[in-house]
Structures are given as C-alpha cells and as structure tokens.
Number of protein chains: 4
Amino acid sequence: MEEPRRAAARPHTGRRRNEAAREAVLTATMDLLRASGEELTVDRIARAAGVGKQTIYRWWPTKGAVVAEAMAESATAAVGLPDTGTLRGDLAAFFRASFAVLQDQGMVRLLGEVVTGAQREAAVADVLHEFTARRRAALGALLQRAAERGDLRAGADPAVLVDLGYGFLWYRLLVGHAPLDDAAADALADHLTAAATA
Amino acid sequence: MEEPRRAAARPHTGRRRNEAAREAVLTATMDLLRASGEELTVDRIARAAGVGKQTIYRWWPTKGAVVAEAMAESATAAVGLPDTGTLRGDLAAFFRASFAVLQDQGMVRLLGEVVTGAQREAAVADVLHEFTARRRAALGALLQRAAERGDLRAGADPAVLVDLGYGFLWYRLLVGHAPLDDAAADALADHLTAAATA
Amino acid sequence: MEEPRRAAARPHTGRRRNEAAREAVLTATMDLLRASGEELTVDRIARAAGVGKQTIYRWWPTKGAVVAEAMAESATAAVGLPDTGTLRGDLAAFFRASFAVLQDQGMVRLLGEVVTGAQREAAVADVLHEFTARRRAALGALLQRAAERGDLRAGADPAVLVDLGYGFLWYRLLVGHAPLDDAAADALADHLTAAATA
Amino acid sequence: MEEPRRAAARPHTGRRRNEAAREAVLTATMDLLRASGEELTVDRIARAAGVGKQTIYRWWPTKGAVVAEAMAESATAAVGLPDTGTLRGDLAAFFRASFAVLQDQGMVRLLGEVVTGAQREAAVADVLHEFTARRRAALGALLQRAAERGDLRAGADPAVLVDLGYGFLWYRLLVGHAPLDDAAADALADHLTAAATA
DNA sequence: CCCTAAACGAGACGGTACGTCCGGTCTTAAT
DNA sequence: ATTAAGACCGGACGTACCGTCTCGTTTAGGG
C-alpha cells in the first residue's frame, strides 16, 4: 500500500541549525546582563556570541524572545522539590532555594527584562506564562503533598496560596524595597503555612 | 529707566506655565495607553496633547517620569480605608476597591510601563517606590487597626502580610494568568486573614 | 471677500533646515570618495559629516540621491563656455576643461557611482538626466554659435555631435582603456570639427 | 610505495561539472534581468536556475563574474562585419546590428550591471575590458578596410573614431535620453563618416 | 561491483549596510 | 519667557544580501 507522497522520505535538506550558536547566544545574553554596565542590545549579543545578527533573528522573533529563552533555561533547572516532612519546612526550603537563584544580579535583570518585554511582546509573554506556570506547578505539587497528608484547612485554595508565594517573590524583586534572603524565605514560609492550615 | 529689583514687584515675565498643558499631557498619556494599539511615544503624547515636545521635557526629565506621574495621579486617589469591623471584611473591601481600579486596561498598561521603566530609570524607580510605599502604608494601617483590636496572631509580621497582599495583586497583574475580580479579592482576603490570625 | 482658509498665513513653523548640515553631507561624500580606501556608506557619510543618519534620510531618499546631488554641485560649476573664434578651438578648450575636472579621482568615482545608481534608482536617474541635459545644453550652445557663423555643414545634427562628444568622455571614463588628457581633448575636438563642418 | 606526485597520473576523480547547471545559471540571470521587477540577487539566480548557491560560487568568484560571463556570451555572437562597399554603408549596417541587440531590455540592464560592477570589482572590469576591446577591434577592422581603400582623411585617428562610435552607443544606453534605433544608427554612421573622411 | 572523490540542491552561517524609529536637545516664529 | 512645530544627533532596530560553510544525496571513474 503506497502513500501518495513520502514526505518523510526527505524531511530536511541543507545545513542544520548550529546548536553551538544557539548556546553562545543565550550565554552571551546572560553574561551581558551580568556585566550590567551597558544596555542589552541585539548587536552586542551577536558580537559577544560571535554570531551574525541574522542568526539571532532566524531563530528568535525578537530580542525579548532571546532573553525569555535565556531565562527559561537558566532559572528552571535550579529549584527542585524538597521533602522535609512538614509543610512549613518544605516551603522554607523551596523559597530559600528560589531566592538563592536571585542573588545573581544578572538573573534579577533577566527576570526584569522578561516581565518588561512581556508587557509589549506576545512571544515574550508566552514564554513568561509557560515559565511561571511551571514554577506554580512545582509549588502546587508541594502543596498537593500537604493536602494528601491532610494538612490543608478546609477553605484553603492552592492556586491562591501559590500566587501569594510567587507574588511575594516577584513583588520584592521588582520593587526592591525589601530583601529576598533566607530570613525572608522563612517568614514567607511561616505565613503561607498559617494561611494554608487551620 | 527701571532697576532689575523691580522683579519682585513683577516677579515673572513671559508666559507662565500652562497648567492645562500639564493635564493635557497626563491625560493624553492615559488615553494612548487605553487606546493600546500602538507603542507609547513622546512624539505621540505631544501630538495627542496638542503640545510641543519641548514642553514635555521642560517639566519632566524623561518619558518614564511622565508615565510615573500619570500613575501616581490616577492610581492613588482611588482607594480609601474601609472599616467594616472585621479584618476579613476590611481586607475584602480594600482589595475589591484596589482590583476595581485595574479593570481599566489603560491602568494595567500604565503600571506595567512604570514597573518596566523602573528597571532602567532611577527617577521612575523613585516614583514607583514612593507610590508602592504609600499603598503599603495604607494596607499597613488597616492591619495596625486589627493589631490594636488584638486580632493578629503572635508571629504575624505586618510587613510580610502587606507584601503577600500586594504581591498577589502585582503578580496576577503582570503575568495575567488569573483574574483580579471580586472573587479573587475575597479569596485573597480570606487567606490573608488566615495568615494573620490564629 | 474671505478665503475659506488662509493656508499661506502660516507657511512654516518649527526649526528650519540646517544648511550647514546639507553642505557637510555633500562635502563629506566627496571627501570619502576621494579618500577612496573604503566603500561609501551612509553611516560613514553621517559620521564624517557629524550628522545623524536620519538627517540624511530626511532630505534625500537614498544614498544614491546624496551622491547624485554632490555630483550636480561639484561638476556643474567647473566648465564655462570658451570663445576662441573657431569651432575647433572652442571644442578643444571645452573638452580640456571638462577632462581637467576628471583628473580628481574622487570625481571619477562620483560619476561612476551616479551612473551606477541611476541604473536602479529613479531618483538618481532623474538627477543624472538633468545634469547631463545641462551639460549637453552647454555643448549645444557652443555648436549653435558655430551654426550662426555658418560653420556647420548641411547634414550636421547638433544632438548627434553632442552625444558623440560626451559619449567619448563617458566611454573612456567608465571603461578606462584610454586617457582623458589634453591630447585626447584635442583629438576629440579635431574629429568632432571634421564631423560638423564640410 | 607511492609519492603524492602520483596525483598527476590520476588528475580527476568524482563527479564532473554539470554543464546544464552552468547554462541554467546564465539563462536565469538573463531572464531575471529581463523580468526586471526585482534586484538581481545570487539567491534569486540560484532559485530561478534550480541550483544551489554553492554551485554558482564554485564556478564564478562573484556575482559580477556571472553577470559578466552572461554578457560576454549573449552580446558577442550577434554582430558580424558587414561589407557594403562604402564606409558609410558599413558603419550604418554595423551600428544597426549593434543597436538591434539592445532592443532587449534585459540586455540593457545586463550591460548596465556590468559597467556598474566594473567600478568596484576588478574581475568584472577585466571582462568588460576584454569585451569592449573585442568590439573596438571589430569596428577598427571596419575602419582599417576603409583606410586600405584610401577613404580616410590624413588626420583621422581610428582609435578616436572607434571611441566616438561606441561612446555614442554607451552614452545613450546609460543615460537613456535618446533612442538607439535605426535612424540613430544612420545618423551616427553619417557623422562618423564625415569625421573620418575628407 | 564496490569504493572514493567530487559535484550537487538546500539552506544555515558571520558580516555589513540598509532605511526606519525613537529619545532627548535645539531652533524658530508667534504669543 | 513660554509655547507648538519640527529639525537635529545618536544609536538600536529588524531586513536584505554577499560569499562561506555544512548537510545528505547523486554521479562517475578506478580498482
């Protein structure tokens, strides 16, 4: 039995995407953000990565998209799911780890750029949505475990609790009026636990 | 022949600052943000306000400063301090009013622009700091009243509670994954009350 | 009797065109062409002229148009109408002067760029047309004087003679197989005289 | 044990040059020039010829070289040496044939591109030099025959006459202010004859 | 009949220039 | 002196094109 056209027979011709270039771009982006002195510019990213500008625009629609992907790559890996046995302990560990990532000034600028870019570029907003959704899911899983242990009070809504936790993080990150250190993580964990349990 | 000292008698020559122009600029800024289709540009603000560009730069140092002042003017007025007799009621009323302001799409873009601008302009950051500090003070006063009624649990930290509340608001505002409606305000009030009381 | 709108009442507001900038651009263009080492680039013109790129694009549609205007300005002035009493003498003087202008290497590159640009940009073609028309008119006037003296043979067509003369010039200029010096001017004058007279 | 010198013994292995590709490239170049709407681009030539870009660059050093070869192929063949018995007749026939080739708009653009390219690429200039030299030699041969018949006046310089003739052609071709039709050929022949004879 | 080398179509790559857009400053004539 | 209009410098943006560099495929000797 013949297919009318074996499209799969030749799925691709021509040179393939250069993975090294992709990584060089994302790395250069992070480096420039960390170097901090200058504005982040597509030309500068290209020059720092040793890459043509068109290679950037071939794979990312916009500078914001590059930044967004750099964020998604470097911020995701960091935080795993702790298991200390208690909700408060888990939350404290989770937020301590989350805040630790933000000690890198480059990371703070990165997140700022993304939240900024998301306000005007749909592509960036998409990446931000996906990224934050994954982070919320992680925190949600932590709460889910508590729920299974019967630790959550009747009216507690995990979605609200998650937004409280990450809201606290982003609010302090963007406004910068108060630190995101271990003490803050512990205080956050404490109050979130109070909100979640009877 | 007159002395220059006469200046006191006639303290000002030439056309005075046109208050109407100032208002036209801020209004035009909000309108353009609401119209939403295009980027916010100084040229566009000037044209929409029927004002010369120089008139804008005579009174504000940068575009960000204009946006920041527009925010400070239109977002502050709105929310007063409710007094329903219970912490949960007060919080629910406070956040319902706060969220109501954000139903205006222009206001959302405005706050987004400010948070964005604050990441790169110190002047904008200052206005954002001051603005958010005032809002936190308002919420703090509300909690203070509860504390005086003896409604707060021992370990509750008003500063953390305030950041939880406003963090929730800003997080949903910027990420946009969930609504900021009356139900959200009630849920927020409920969880915040749980975190604050025994 | 009222006009419906006195448009002429306010023919212009705002800053006027900066004549110094215009000249700086044209001068810088000629200088860069003479310097010769590098390609002629809008960015380079702007930098050399101490001018923003937008200022160039505000007044000229294209790089070619700038080059074309630079040509029109610097090549026109040079050649006046000689009057030696004889056609051969007039032609020799005219072409000696015309060829002299082309000893400047910058001028040669300039004309080459214009003829090049005219092949693909209508705006450049227009300037080239006007420029060459003016030059042909000058040579035509010279022939006209000879005609009035009765020096032209019956079948001689001034338009053809003019195209022969300028064709010789451009052909050697663009192909570069033979020089454009005084001897060439004299030989050209001689043969043109032979073609024009009995 | 064999020396590398053995390479001479077996000068070639592998696939041979595809002659069809060479012709497709030159044909596509002419076609695109005739189609005229868009700029001539190597990518477009490759696509139109159904050929990979590398195949073009394997056989020609630059785009200009392709264009130059296309010119050399299509413009040379056309014009032979007429023999009408008189100089005027020979010249008229020669230029009528030469001008006829230029009725093809593609040919005009082609020559324009070559003259253009010659201004900046030595390789193209070389081809142009050789091509024009051959054409001049053809016209020179025609004049030589007249000289042998004793038809040329004493002071007539064949090199100048040739440049006058081809200058006329190229000048009208590039500036485009007047046609290159049979009447023009006849007028050119007439004036050139007058310049060459007593 | 297989093996090796070169040519092929496709298309990604580094680099450079283009022409546009915007921020913030300066100039003009009018009020 | 202040205004509306708008030109100015600087510099980032996103696109286009050049000539080079892989890919995997195809073609042709030589063994």
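Numbers restart at 1 for each chain; the letters A, B, ... are given by sequence-line order, proteins then strands. In what follows, every heavy atom counts, from backbone to side chain, and hydrogens, waters and symmetry copies are set aside.
- Remark: D/Arg16 is in phosphate contact with F/dG29, judged by side-chain N or O atoms under 4.0 Å from OP1 or OP2.
- Atom CD in D/Glu121 sits roughly 10 Å away from atom C1' in F/dC18 (whole-Å rounding).
- Remark: D/Gly50, D/Val51, D/Gly52, D/Lys53, D/Gln54, D/Thr55, D/Arg58, D/Trp59 in residues 50-71 of chain D come within less than 4.0 Å of DNA chain E through at least one heavy atom.
- The nearest whole Å value for the distance from the CZ atom in D/Arg15 to the C1' atom in E/dA6 is 9 Å.
- Of the possible donor and acceptor atoms, one in the side chain of C/Thr27 sits under 3.5 Å from a partner among the backbone N and O of C/Glu23.
- With rounding to whole Å, D/Ile45 atom CD1 is found 17 Å from E/dA10 atom C1'.
- Both A/Ala46 and C/Asp43 lie close to DNA chain E; mapped to their nearest nucleotides by heavy-atom distance, the more 5′-ward contact belongs to A/Ala46.
- With values rounded to the nearest 0.5 angstrom, D/Glu113 atom CD is found 9.0 Å from C/Thr116 atom OG1.
- Remark: P of E/dA17 and CG of C/Leu32 are 12 Å apart, rounded to the nearest angstrom.
- Straight-line distance from the CZ atom of D/Arg120 to the P atom of F/dC17: 15 Å, rounded to whole Å.
- Of the two residues near DNA chain E, A/Ala49 and C/Arg44, the one whose nearest nucleotide lies more 5' is A/Ala49.
- Rounded to an integer number of Å, the gap from CD of D/Glu39 to P of F/dC18 is 9 Å.
- In this structure, the CD atom of A/Glu23 is 16 Å from the C1' atom of E/dC13, given to the nearest Å.
- C/Pro61 meets the side chain to side chain contact (heavy atoms under 4.5 Å, CB included) test with C/Ala65, C/Ala123; sequence neighbours excluded.
- Using modelled atom types and a 3.5 Å distance limit, the side chains of B/Thr62 and B/Glu121 yield a donor-acceptor pair.
- In terms of modelled atom types and a separation under 3.5 Å, the side chain of B/Thr29 and the main chain of B/Val25 share a donor-acceptor contact.
- Put simply, CD on A/Glu19 is 15 Å from C1' on F/dT22, counting in whole angstrom units.
- Two residues, D/Val42 and C/Asn18, neighbour DNA chain F, and the one matched to the more 5' nucleotide by heavy-atom proximity is C/Asn18.
- Note that NZ of D/Lys63 is 9.5 Å distant from CZ of D/Arg44, once rounded to the nearest 0.5 Å.
- For E/dG9, the OP1/OP2 oxygens have no side-chain nitrogen or oxygen of D/Arg47 closer than 4.0 Å.
- A cation-pi geometry, defined here as NZ or CZ lying under 6.0 Å from the six-membered ring centre and within 45° of its normal, does not hold between A/Arg22 and A/Trp59.
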